[in-house]
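Since the structure comes first, as structure tokens, the remarks are kept for the end.
Keep in mind that this is a model prediction, so the values were computed, not measured. Here is the naming used below: chain letters follow the sequence lines, and residue numbers restart at 1 for every chain.
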2 protein chains.
Amino acid sequence: MVPMIQFVHPNLEDISLASVLGALADPLRLRIVGNLLNKNDCMSCSEALPCPNMEKSTLMHHFRIMRETGLIPTEKVGLENRIVLRTFDIKMRFPGLLNEMMKYAIS
Amino acid sequence: MVPMIQFVHPNLEDISLASVLGALADPLRLRIVGNLLNKNDCMSCSEALPCPNMEKSTLMHHFRIMRETGLIPTEKVGLENRIVLRTFDIKMRFPGLLNEMMKYAIS
DNA sequence: TTAAATAGTTCATGAAATTTGTACTTTTTA
DNA sequence: TAAAAAGTACAAATTTCATGAACTATTTAA
């Protein structure tokens with residue numbers, strides 16, 4: 001009997017600028033974050049698929065980076081993982097940063 | 001007789017947001033860029049040393065990343081490489097982005 | 001005018017991060 | 001109960017990162 005996976009998300013004060021920039025320093029992740037910001041709601045991983053023909057495991061990997069950075073909390077609901085952008089927290093910690101970046105991200 | 005090294009810097013329109021974020025997604029590079037922005041003048045590589053006991057070759061590596069991203073043109077003057085932040089260009093391409101990020105970078 | 005010092009580059013190596021394929025688990029639905 | 005759906009885990013191949021040692025080019029000093 002394998003224990004149920006629990007996701008761990010960093011505290012707000014442990015989120016560094018460099019790590020946020022690293023999490024966004026990839027066109028796919030930038031697009032996912034942009035989509036989440038526009039939608040202003042949660043998505044499943046598959047829904048957030050940023051481009052066709054992408055391996056699930058690769059997508060997984062990108063989600064893990066964003067989760068461990070603290071950008072995206074993940075919650076398991078039934079079959080799906082519901083992911084949301086931690087918008088409030090990020091705006092609290094780095095006001096203006098998200099909006100500024102999303103101005104220049106191509107969706 | 002080995003030819004003189006010529007640095008190549010990307011055009012403004014070839015600088016992508018993701019690559020800029022990638023170039024800044026490292027505390028050392030963030031600090032170097034912050035210093036250049038504050039100083040608003042050129043520096044030699046050694047002057048820009050972001051922390052003590054850092055290998056020259058490692059510093060090199062970071063400069064190369066920033067140069068190839070297009071953040072920092074390099075010009076050889078005598079013994080030194082003079083590096084400057086491409087502030088005008090970056091502000092042209094991504095207005096507000098640099099200032100926004102530097103608000104949260106710890107120098 | 002050679003010798004040493006300075007500033008930086010290059011290359012090889014090993015460590016870490018990315019991408020992907022395959023096999024697995026868990027939950028839902030037929 | 002079996003199959004499908006949504007993810008996860010692990011391993012291999014590739015790429016990027018950090019460092020040490022050896023190199024080049026320019027300046028300064030003997």
Exercise for the section: Round to the nearest Å and state the distance from Met43(B) atom CE to dG8(C) atom P. Expected result: 12 Å

Practice task
To the nearest Å, give me how far apart CZ (Phe63(B)) and P (dT9(C)) are.
Solution key: 9 Å

Exercise for the section: Give a yes or no answer on whether the side chain of Arg93(B) reaches the backbone of Asp14(B) with a donor-acceptor pair at less than 3.5 Å. Expected result: no

Exercise for the section: Please report, rounded to the nearest Å, how far the P atom of dC11(C) is from the NE2 atom of His61(B). Expected result: 16 Å

Practice task
Tell me what Leu28(B) touches on the nucleic acid: a base, only sugar-phosphate, or nothing, going by heavy atoms under 4.0 Å.
Solution key: nothing

Exercise for the section: Indicate, with a heavy-atom threshold strictly under 4.0 Å, whether Ser57(B) touches base, sugar-phosphate, or nothing. Expected result: base

Handout entry: For Val33(B), the option from Leu28(B), Leu24(B), Asn38(B) that meets side-chain contact (heavy atoms from CB on, under 4.5 Å)
Key = Leu24(B)

Exercise for the section: Would you classify Thr58(B) as touching base, sugar-phosphate or nothing, given that sugar-phosphate means primed atoms plus P, OP1 and OP2, and contacts are heavy atoms under 4.0 Å? Expected result: base

Exercise for the section: Please list residues of residues 78-86 of chain B whose heavy atoms come under 4.0 Å from any atom in DNA chain D, ordered by number; otherwise none. Expected result: Gly78(B), Leu79(B)

Practice task
Remember a base hit wins even if backbone is also touched, and classify Leu59(A) as base, sugar-phosphate or nothing at under 4.0 Å, heavy atoms.
Solution key: nothing

Handout entry: Rounded distance in Å - NZ (Lys56(B)) to C1' (dT24(D))
Key = 11 Å

Exercise for the section: Using whole Å, report how far CD of Glu55(A) lies from P of dA9(D). Expected result: 17 Å

